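In what follows, a structure is listed as structure tokens, so that the remarks can point back to it.
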Amino acid sequence: MNTTAKTLLSGVKPTGRPHIGNYFGAMKQWTDMQSQYDCFFMIADYHGLNFIQNGSEMKDQILNLMIDYLAVGLDPEKSVIFKQSDVSAHTELAWIFETITTMPYLMRAHAFKDAEAKNKEIGVGTFNYPMLMAADILLYDADIVPVGQDQKQHIEYARDTAQKFNNTFGETFKLPDALIMKEVAIVPGTDGQKMSKSYGNTIPLFASKQEIVDSVMKIVTDSSGEVPENVYEIHKLFVDETELEKLYSENKGKYKALKEALIDDIEKFIQPLREKRHELMQDIPFIMKTLEEGGEKAQEKANSKLLEAKKKIGVL
Ligand code: ADP
Ligand code: TRP
């Protein structure tokens, strides 16, 4: 690890197959930044527990996400790749944060308001979600947290919480910054809304050829303009816009041809990723060992920060 480099931390919940929105909105930046930063990439399994409450499914999802991480190019030689539940300091620090946080403050969180608007009975884990996320970030003195736009508020919660702790107990935590890539802050799904696992509008990152065909054919096209906007918005993630403009002006109104071109371009991009994933799946013990070793490295850093916080609050 480079001792003068800044620290980067990010993570995804193991709650389903990653899609191209997750990739362009988050994971791509991670792989690009591995050489410049001291990186920590987390599988947010305790956050995922709010959604997946079945032991064997959780186990599968964790393993799959680890394979995905390695397949997109996260490199355990350069970065610490670990799962949240292997580092108990996360839940311990979250508790400490909960004691200095008020309910009205957490009730202002978008995720909470959305759940409330849907008239759901909100779990305590969902309500406290921002506190665990603050602990995830602050334990590692992270300088930057690359995420999609939807996570911006959570990073603000982490900053506020760091500040509140520092004001109450003395300077301890670094204030992190979100890193949100503007042009891909919100990758649209096949229906034009934000691409999201929960909306059923995704193109999976490791999709088979058939899945690519099926999802592209599903893309909603409106006939009002000459360019099918939803097709174009997805296409530009894969192909340079100058090239695309030519293709789209030569195929004005020919939605089928444009969709076929998009299928080819997505397939070109995904095929090597799919192969890499397949190769990794041949050695599951290696994957598990890599995850375990990442957990040990993460513990070292997190435990020393937790110790500092425990001294500040006076329990040590
Ligand atoms: P989902 O909405 O599909 O459940 P997650 O909440 O697991 O996705 O998000 C994982 C990461 O991917 C987060 O950093 C999030 O901001 C990013 N992300 C998710 N969907 C998109 C999208 N459509 N565009 C850009 N980034 C996204
Ligand atoms: N809440 C994030 C999501 O839903 C996942 C996450 C948990 C995370 N802890 C984090 C992201 C810490 C960045 C940093 O996508």
Side-chain angles (χ1 to χ4, degrees), residues 1-3 5 7-18 22-23 26-27 29-31 33-35 37-95 125 129 132-142 145-147 205-206 273 275-310:
M1 281 217 162
N2 177 347
T3 46
T7 301
L8 176 160
L9 179 136
S10 198
V12 173
K13 300 186 293 292
T15 50
R17 292 169 78 195
N22 299 137
Y23 179 74
M27 291 175 174
Q29 279 84 276
W30 302 357
T31 58
M33 295 169 104
Q34 287 184 103
S35 311
Y37 291 87
D38 282 341
C39 293
F40 291 84
F41 299 114
M42 187 180 69
I43 294 177
D45 53 355
Y46 273 167
H47 276 118
L49 188 58
N50 287 301
F51 305 89
I52 308 253
Q53 299 182 338
N54 172 308
S56 64
E57 195 187 340
M58 177 64 92
K59 231 186 182 58
D60 266 11
Q61 297 273 13
I62 291 171
L63 175 64
N64 275 311
L65 185 55
M66 182 61 181
I67 299 174
D68 298 340
Y69 274 4
L70 299 176
V72 297
L74 298 190
D75 179 355
E77 300 289 322
K78 290 186 185 159
S79 303
V80 178
I81 309 173
F82 70 104
K83 72 179 200 284
Q84 194 179 28
S85 63
D86 278 342
V87 188
S88 53
H90 291 234
T91 43
E92 203 172 336
L93 184 61
W95 174 261
Y129 191 109
L132 181 57
M133 186 150 160
D136 297 340
I137 297 167
L138 301 179
L139 274 172
Y140 298 86
D141 284 330
V145 185
V147 285
L205 180 57
F206 297 95
L273 287 179
E275 273 167 18
K276 178 78 189 160
R277 198 177 194 287
H278 184 74
E279 199 183 296
L280 286 161
M281 277 172 67
Q282 308 311 309
D283 194 354
I284 302 298
F286 165 79
I287 307 281
M288 300 305 286
K289 187 163 160 281
T290 307
L291 188 56
E292 205 179 297
E293 285 170 359
E296 283 160 16
K297 288 186 207 153
Q299 276 169 26
E300 248 177 68
K301 180 139 183 183
N303 288 346
S304 90
K305 196 76 203 181
L306 179 67
L307 203 70
E308 208 185 318
K310 285 174 79 171

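Worth knowing before you read on, the calculation uses all heavy atoms, side chains too, and leaves out hydrogens, waters and symmetry mates. Bear in mind that the values here come from a model prediction, so they are computed numbers and not experimental data.
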**Q.** Donor-acceptor pair, side chain of Tyr69 and main chain of Met42, under 3.5 angstrom
**A.**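 Checking the backbone N and O of Met42 against the side chain of Tyr69, a donor-acceptor pair under 3.5 Å is found.
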Q: Say whether, by atom type as modelled, one donor and one acceptor occur between the side chain of Ser85 and the main chain of Asp45 under 3.5 angstrom.
A: no
Nearest non-hydrogen partners of [X] and [Y], listed with the distance:
X	Y	value
Leu93	Ala309	CD1-CB, 4.2 Å
Gln299	Asp86	NE2-O, 2.7 Å
Leu9	Ala142	CB-CB, 4.0 Å
Pro14	Gly48	CD-CA, 4.4 Å
Val87	Gly295	CG2-O, 4.0 Å
Val147	Ser10	CG1-OG, 3.9 Å

Q. Checking side chain to side chain contact (heavy atoms under 4.5 Å, CB included) for the pair Ile287/Ile67: CA distance, chi angles, key distance, verdict?
A. CA-CA 7 Å; Ile287 307 281; Ile67 299 174; 4.2 Å; yes
Separation between [atom1] of [X] and [atom2] of [Y], rounded to the nearest 0.5 Å:
X	Y	atom1	atom2	result
Leu74	Ser79	CG	OG	6.5 Å
His47	Thr15	NE2	OG1	11.5 Å
Leu138	Lys305	CG	NZ	8.5 Å
Trp30	Leu8	CH2	CG	9.0 Å
Phe206	Glu275	CZ	CD	12.5 Å
Thr31	Tyr23	OG1	OH	5.0 Å

Which atom pairs, one a donor and one an acceptor, fall under 3.5 Å between side chains of residues 52-59 and the rest of the protein, sequence neighbours left out?
from: Gln53; atom 1: NE2; to: Leu49; atom 2: O; distance (Å): 3.0
from: Asn54; atom 1: OD1; to: Ser56; atom 2: N; distance (Å): 3.2
from: Asn54; atom 1: OD1; to: Ser56; atom 2: OG; distance (Å): 3.3
from: Asn54; atom 1: OD1; to: Glu57; atom 2: N; distance (Å): 3.0

Q) Given Asp68 and Val12, is the side chain to side chain contact (heavy atoms under 4.5 Å, CB included) satisfied, shown in steps? A) CA-CA 11 Å; Asp68 298 340; Val12 173; over 6 Å; no
Kindly indicate whether the side chain of [X], heavy atoms from C-beta on, has any atom under 4.5 Å from the side chain of [Y].
X	Y	value
Pro76	Leu70	yes
Ile43	Gln61	no
Gln34	Phe41	yes

(Q) Test of understanding: with ring-ring contact (aromatic ring centres under 6.0 Å, His included), list the residues that count as partners of Phe82, not counting sequence neighbours. (A) His90, Tyr140
Q. Step by step, would you call Leu63 with Met288 a side chain to side chain contact (heavy atoms under 4.5 Å, CB included)?
A. CA-CA 8 Å; Leu63 175 64; Met288 300 305 286; 3.7 Å; yes
Q) Checking salt bridge (charged side-chain N to carboxylate O under 4.0 Å, His left out) for the pair Lys297/Glu293: CA distance, chi angles, key distance, verdict? A) CA-CA 6 Å; Lys297 288 186 207 153; Glu293 285 170 359; 5.8 Å; no
Q: Evaluate salt bridge (charged side-chain N to carboxylate O under 4.0 Å, His left out) for Lys289 paired with Glu292, printing each intermediate quantity in order.
A: CA-CA 5 Å; Lys289 187 163 160 281; Glu292 205 179 297; over 6 Å; no
Q: Tell me yes or no: between the side chains of Arg17 and Asn22, is some donor less than 3.5 Å from an acceptor?
A: no
Q) How far apart are the C-alpha atoms of Thr7 and Lys301, what are their side-chain angles, what is the distance that settles it, and do they pass the side chain to side chain contact (heavy atoms under 4.5 Å, CB included) test? A) CA-CA 12 Å; Thr7 301; Lys301 180 139 183 183; 3.8 Å; yes
